[in-house]
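Notes for the one structure printed next.
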Amino acid sequence: MPLWRSKSGKVDLLRRVPLFDGLSQRQLEQIAGLADEIEVAAGRRLAVAGETGHELFIIVDGQAQVRLRNGRATRLGPGEFFGEMSLIDGGPRSATVEARTPMRLLVVGHREFWSLLAAAPQLGGKIMRTLSRRLREAEGAPTA
Ligand code: CMP
């Protein structure tokens with residue numbers, strides 16, 4: 001795996017992520033310029049509850065474990081994302097997120113997050129739907 005991936009290689013990687021389904025080639029190219037690709041080992045802590053958060057993470061490969069403050073845990077896999085809550089409201093991380101397996105992720109910084117939504121407004125709806133579902137789950141309410 002090269003340390004550096006060409007822009008077209010990155011666009012091919014973005015195409016594999018269901019969050020980006022339906023986006024145009026141009027939108028994918030814009031996103032490729034906004035997101036960094038990282039690989040992390042199992043056990044790596046990617047967000048710590050209570051700390052300030054600066055990035056959104058989108059899972060390409062591997063699984064993450066989310067430990068909620070109420071003691072419950074949940075898992076996230078390829079195509080899912082985390083870290084959006086702190087970016088949206090500037091509040092501290094709501095949960096601790098750790099790599100359960102080796103992972104490949106796309107990382108989007110704070111400023112780039114808003115550029116991402118401007119480049120692909122469809123993502124706003126998808127992120128809002130996920131937020132609503134997470135809130136329902138956290139409150140034990142029925143999900144759609
Ligand atoms: P953030 O609060 O920035 O950092 C921790 C992340 O865990 C949070 O954003 C969400 O992305 C994720 N998270 C919080 N609650 C849940 C949940 N109930 N299910 C799945 N992921 C969650």
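Both ligands and their constituent atoms are indexed starting at 1 by order of listing.
- A distance of 7.5 Å separates CG of L19 from OG1 of T130, quoted to the nearest 0.5 Å.
- Using a distance-only test at 3.5 Å, with no hydrogens or angles considered, no donor-acceptor pair links the side chain of K10 to the main chain of E37.
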What does the contact table look like for ligand 1 (nitrogen or oxygen on each side, cut-off under 3.5 Å)?
unit_1: ligand 1; atom_1: 2 (O); unit_2: S94; atom_2: N; d: 2.8
unit_1: ligand 1; atom_1: 2 (O); unit_2: S94; atom_2: OG; d: 2.7
unit_1: ligand 1; atom_1: 3 (O); unit_2: G83; atom_2: O; d: 3.3
unit_1: ligand 1; atom_1: 3 (O); unit_2: S86; atom_2: N; d: 2.9
unit_1: ligand 1; atom_1: 3 (O); unit_2: S86; atom_2: OG; d: 3.0
unit_1: ligand 1; atom_1: 3 (O); unit_2: R93; atom_2: NH1; d: 2.8
unit_1: ligand 1; atom_1: 9 (O); unit_2: G83; atom_2: N; d: 3.4
unit_1: ligand 1; atom_1: 11 (O); unit_2: G83; atom_2: N; d: 2.8
unit_1: ligand 1; atom_1: 11 (O); unit_2: E84; atom_2: OE1; d: 2.6
unit_1: ligand 1; atom_1: 11 (O); unit_2: E84; atom_2: OE2; d: 3.3
unit_1: ligand 1; atom_1: 11 (O); unit_2: R134; atom_2: NH1; d: 3.1
unit_1: ligand 1; atom_1: 21 (N); unit_2: R134; atom_2: NE; d: 3.4

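- In this structure, Q25 and R15 have side chains that are in contact, with non-hydrogen atoms separated by less than 4.5 Å.
- Between E51 and R45, none of the side-chain N atoms (NZ, or NE/NH1/NH2) sits under 4.0 Å from a carboxylate O, so this pair counts as no salt bridge.
- The CG atom of L116 sits 10.0 Å away from the CG atom of L106 when rounded to the nearest 0.5 Å.
- The pair E55-R93 meets the salt-bridge criterion, since a charged nitrogen lies less than 4.0 angstrom from a carboxylate oxygen.
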